[in-house]
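Structure first, then comments.
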Amino acid sequence: MMEIQEYLKDKIIAIDAKLDQLLPETPGPLLKLYQAARYAILGKGKRIRPMMTFAVCELFDFDDSAALIPACALEMIHAYSLIHDDLPCMDNDDFRRGQPTLHRVFPEGHALLTGDFLLTYAFETLSKAPLLSCEQKIQLVATLATRSGSRGMVGGQAMDIEAAESPLELSTVTQIHQWKTGALLTAAIEFGGIISGASSKQMGVLSAFGNDIGLAFQIIDDIQDVTLSIQKRGRSTPSDVMNKKTTYATLLGLDQSKQIAIQLFDSAIKKLNELNLNSTRLIQLAEYIIHREV
Ligand code: GRG
């Protein structure tokens with residue numbers, strides 16, 4: 001089996017080439033919108049969500065060609081969320097993926113619309129994806145809408161904004177993390193199951209795995225906000241840290257938070273093992289998420 005770094009490099013090339021093709025820089029009245037979308041999405045992202053979808057296809061020993069367009073749709077939703085999250089009305093960040101945020105390079109109105117464009121284009125792209133049945137496409141659209149909507153990413157962000165003013169209980173922080181960050185990662189894992197034709201029992205295991213890994217991902221992200229330099233992170237010191245927002249790290253300290261992330265990882269792997277499939281790639285990827293340096 002290919003080493004994880006090599007695997008990631010190969011898949012990133014495939015994703016970036018498809019995104020480049022889906023968002024051509026065509027001269028005309030929409031040139032600026034497409035330029036802005038390309039600036040935001042073709043930046044140095046880790047493409048973790050697409051990798052999750054591909055790795056689940058590999059888990060089922062299923063050819064991942066059909067996963068490429070759905071994986072691009074996931075990246076579009078992710079890019080839109082980062083663009084909007086960075087806007088002055090939200091975190092007002094200057095730096096993302098090692099470059100100035102979109103609204104620092106393009107007019108703010110264009111940045112807002114670029115997020116809207118990527119959000120809607122994700123669903124358009126998904127609905128036209130080749131190599132999938134109509135039923136699969138409806139399942140993918142429903143999963144993406146649910147996981148990125150009010151009981152997912154948007155709901156988590158809304159709770160996060162409201163919570164910014166006051167100290168929180170651990171259970172509330174957990175809920176925010178699971179929705180704001182975990183839900184889209186879970187969707188990425190569920191995408192792999194839908195594309196590979198997983199049974200409803202297998203889908204249940206995948207969703208539970210995604211929930212644990214998604215929460216672990218955000219706990220590690222909070223730890224890195226405190227421990228890694230802005231250069232290494234490629235983004236501004238988040239306003240969460242500046243505002244002393246409640247996180248696992250502020251409530252429990254760095255060591256215990258890391259311990260919890262590792263426990264979540266172990267619990268996720270245990271769940272995965274119930275499937276009795278070849279989970280090597282998915283475990284490699286989960287390890288990369290837990291031990292990553294950026
Ligand atoms: C604005 C609707 C709306 C939602 C925003 C996801 C989100 C909700 C905001 C992003 C804020 C943030 C930095 C959360 C921490 C976890 C996270 C999603 C980090 C960025 O994801 P990576 O590390 O980024 O996968 P790259 O750049 O590698 O794609």
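Whatever order the structure lists ligands and atoms in, that order sets their numbers, starting from 1.
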List the atom pairs, donor and acceptor, that lie under 3.5 Å between side-chain atoms in residues 108-119 and the rest of the protein, sequence neighbours left out.
unit_1 : atom_1 : unit_2 : atom_2 : d
T114   : OG1    : H110   : O      : 2.6

If we number the atoms of ligand 1 from 1 as shown, the ones under 4.0 Å from a heavy atom of H84 are 1 (C)

Quick look: L184 vs ligand 1, heavy-atom contacts under 4.0 Å, and the answer is neither

So the atoms of ligand 1 within less than 4.0 Å of a heavy atom of R97 turn out to be 26 (P), 27 (O), 29 (O)

Test of understanding: clusters of I, L, V, M, F, W, Y form through side-chain heavy atoms closer than 4.5 Å, transitively. Do L68 and L184 belong to the same one?
yes

Closest to atom 29 (O) of ligand 1 by heavy-atom distance, out of Q157, H78, H177, is H78

### Message
Contact between H103 and N92 at the side-chain level, heavy atoms closer than 4.5 Å - yes or no?
### Response
yes

| Does K271 count as lying over the ring of F209, i.e. NZ or CZ under 6.0 Å from the six-ring centre, within 45 degrees of the axis? | no

For the 3.5 Å polar cut-off, considering only N or O atoms, please tell me whether R49 and ligand 1 meet it.
yes

**Report entry** Donor-acceptor contact below 3.5 Å, side chain Q136 vs main chain I194
**Finding:** yes

Is K44 close to ligand 1, meaning an N/O of one under 3.5 Å from an N/O of the other? no

Here the atoms of ligand 1 under 4.0 Å from any heavy atom belonging to K180 are 6 (C), 8 (C), 14 (C)

